[in-house]
Amino acid sequence: MDSITALLEGFATAAQPEYLLYALLGVTLGTAVGVLPGIGPAMTVALLLPLTYTLEPTAALIIFAGIYYGGMYGGSTTSILLNTPGESSSIVTALEGNKMARAGRGAAALATAAIGSFVAGTIATILLTLLAPTIADLAVQLGPADYVALMVVAFTTVAALLGSSPVRGLASLGLGLFIGLIGTDTLSGQQRFTLGVSTLADGIDVVVVAVGVFAVGEALYVASRLRHGPVEVIPVGGKWMTRDFWARSWKPWLRGTFIGFPIGTVPAGGADVSTFLSYAAEKKLSKRPEEFGKGAIEGVAGPEAANNAAAAGVLVPLLTLGLPTTATAAVIVAAFQSYGIQPGPLLFTNNSAMVWALIASLYIGNVMLLVLNLPLVKIWVKVLQIPRPYLYAGILLFAALGTYAVNFVVDDLIVLLAIGVVGFFMRRHGYPVAPLVVGLILGPMAEEQVRRTLQISEGSLSALVTSPFAAVAYTVLVVILATAVVLRLRRKKAERAGQLV
């Protein structure tokens, strides 16, 4: 009952005209960047981080949450009409959605994606409302060793499950952990890995790293692969949602929601895994399996619902435990920290008004997104025609201005360029950047908790694994990794057989 009361108070705050405008700005930006291939919500939040320092925390976080949800909606437009997923979680949508568009049923594909996203987003946000306070209450009782176990789970699963190669994911995580060590050790006061450069004595700002790898690195990577000539966009054609399409979509929407949300709440690959599982489920349960691969509407409805439900699920560990499990979530944690707020079990106690206004804004943003994505879809199609050179030149300009505005130090621009080049080569050679940012953000926190555990246990390493919660967490980690290996092997086997499981 306390949660309902707090949520109603959150609605009273989020419904103020000022915050409604911020929510509208966030979902509009999110949809726009979701439509554009190669620009995801993580890049947009990273770019806006320095530019929102003049806003109060509640307003800034409402904008970022709108971008996060909007990016999931917009990605379906690119996948369906361009066959170019803007996010890896939209790959499955392209399999059937683009076939529908080419067959003259693009309007139905876009409609089932938008409505499914709304249904899944609303149900998942309700589940977030119900679960988050309970998990936060339980998390308050966790000790330092328990937090170490949670971070090890996050490190391992994010590194092993994001990207095509677990080895490359672990290498990216290691680089992030190393960057997190640069600076002055808070315990001994000694400088680490600064090479005598005074600018690095305070460490490398998370914002600089996030903007570097997501904005500069991505812009350089896309620029190196730009196609000449106009982009071919399939016209939006065909009837909207007929009775038959409604009948074939509503069950996949619900199934996708309840597949995506649980996967999003645990560090197990997030939306990427949930969309593939939803697609596999719909293919097996469909009464028309022969349509799969040729434009089955169930193959769009289910994965899009799973995608948005997982996006809401990711917010559960982020808000209650302070654990980001996706790239965008990692940047949002950086946004919290830039305002001196640490997401975790005490967030619902110390910043109750802000966090409930944020959750209420998710409901409001979902309604706004439905309005933006159904009647205005042709406007978003026009966004696809923006010349890529202008677009990415603007991204580089905003990245440089935003980074300089953090500390007004020219050395930050040099660090930005260096990290941007690293991000470019990581993308070029298939190294995921999300583990780097997760390692950078959680690394110092993990180091602090390890030291605290060892101080309490007088140096006994067994204390890191002997608590009941830690033992359960490591057991869950083994189960998650084993399941991921089985799913990866099944997917490769199916690809060799010429079909997607």
Side-chain angles (χ1 to χ4, degrees), residues 6-7 9-34 39-71 74 125 205-212 214-215 311 315 318-319 322 324 327-344 346-348 350-369 372 394-395 397-409 412 416 437 441:
L7 180 62
E9 293 176 354
F11 270 110
T13 302
Q16 295 177 23
E18 177 186 6
Y19 292 126
L20 288 175
L21 286 175
Y22 286 131
L24 180 61
L25 174 62
V27 297
T28 304
L29 284 174
T31 304
V33 301
I39 304 181
M43 179 196 289
T44 310
V45 174
L47 276 174
L48 290 178
L49 265 179
L51 304 179
T52 55
Y53 283 165
T54 56
L55 298 177
E56 60 169 313
T58 303
L61 293 173
I62 285 176
I63 290 178
F64 294 147
I67 292 171
Y68 183 45
Y69 267 29
T125 307
D205 198 297
V206 174
V207 175
V208 176
V209 176
V211 174
F214 287 116
L315 295 177
L318 189 153
L319 295 177
T328 312
V331 184
I332 292 177
V333 169
F336 274 99
Q337 293 177 345
S338 68
Y339 287 99
I341 301 170
Q342 180 58 53
L346 296 179
L347 182 66
F348 284 82
N350 298 338
N351 302 93
S352 177
M354 183 200 69
V355 73
W356 283 110
L358 174 64
I359 293 174
S361 74
L362 296 177
Y363 290 95
I364 296 170
N366 243 338
V367 176
M368 290 179 174
L369 282 166
L372 285 173
I395 288 173
L397 175 62
F398 276 105
L401 291 175
T403 300
Y404 182 73
V406 173
N407 299 309
F408 296 100
V409 176
D412 283 347
L416 174 73
V437 181
I441 292 173

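Counting from 1, the numbers follow the sequence of the chain as shown.
- Taken from CD in Q342 to CG in N350, the straight-line distance is 11.0 Å, to the nearest 0.5 Å.
- Taken to the nearest 0.5 Å, the OH atom of Y68 stands 6.0 Å off from the OG1 atom of T328.
- The CD1 atom of I63 sits 5.0 Å away from atom CG of L55, with the distance rounded to the nearest 0.5 Å.
- In terms of heavy atoms, V437 sits closest to A330 at CG1-CB, 3.6 Å.
- Q337 CD to D205 CG: the interatomic distance, rounded to the nearest 0.5 Å, is 10.0 Å.
- Side chains of L416 and V211 form a contact here, defined as non-hydrogen atoms less than 4.5 Å apart.
- Nearest heavy atom pair, residue L319 against residue L347, reads O-CD2, 3.7 Å.
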Can you give each donor-acceptor pair under 3.5 Å made by side-chain atoms of residues 398-406, sequence neighbours left out, with the distance rounded to 0.1 Å?
residue : atom : partner : partner atom : Å
T403    : OG1  : A399    : O            : 2.8

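- Going from atom OH of Y339 over to atom OG1 of T58 covers 9.5 Å, rounded to the nearest 0.5 Å.
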Atom pairs and distances, side-chain donor-acceptor, residues 353-367, under 3.5 Å, sequence neighbours left out:
residue : atom : partner : partner atom : Å
S361    : OG   : L358    : O            : 2.5
Y363    : OH   : T125    : O            : 3.3
Y363    : OH   : I126    : N            : 3.4
Y363    : OH   : T129    : OG1          : 2.7
N366    : OD1  : Y73     : OH           : 2.9
N366    : ND2  : G121    : O            : 3.3

Identify all side-chain donor-acceptor contacts of residues 19-29 below 3.5 Å with residues at least two apart in sequence or on another chain.
residue : atom : partner : partner atom : Å
Y19     : OH   : E56     : OE1          : 3.1
Y19     : OH   : E56     : OE2          : 2.6
T28     : OG1  : L24     : O            : 2.6

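- The two residues P343 and L318 have their closest heavy-atom pair at CB-O, 3.3 Å.
- Side-chain contact between I341 and P57: present, with at least one pair of heavy atoms (C-beta onward) separated by less than 4.5 Å.
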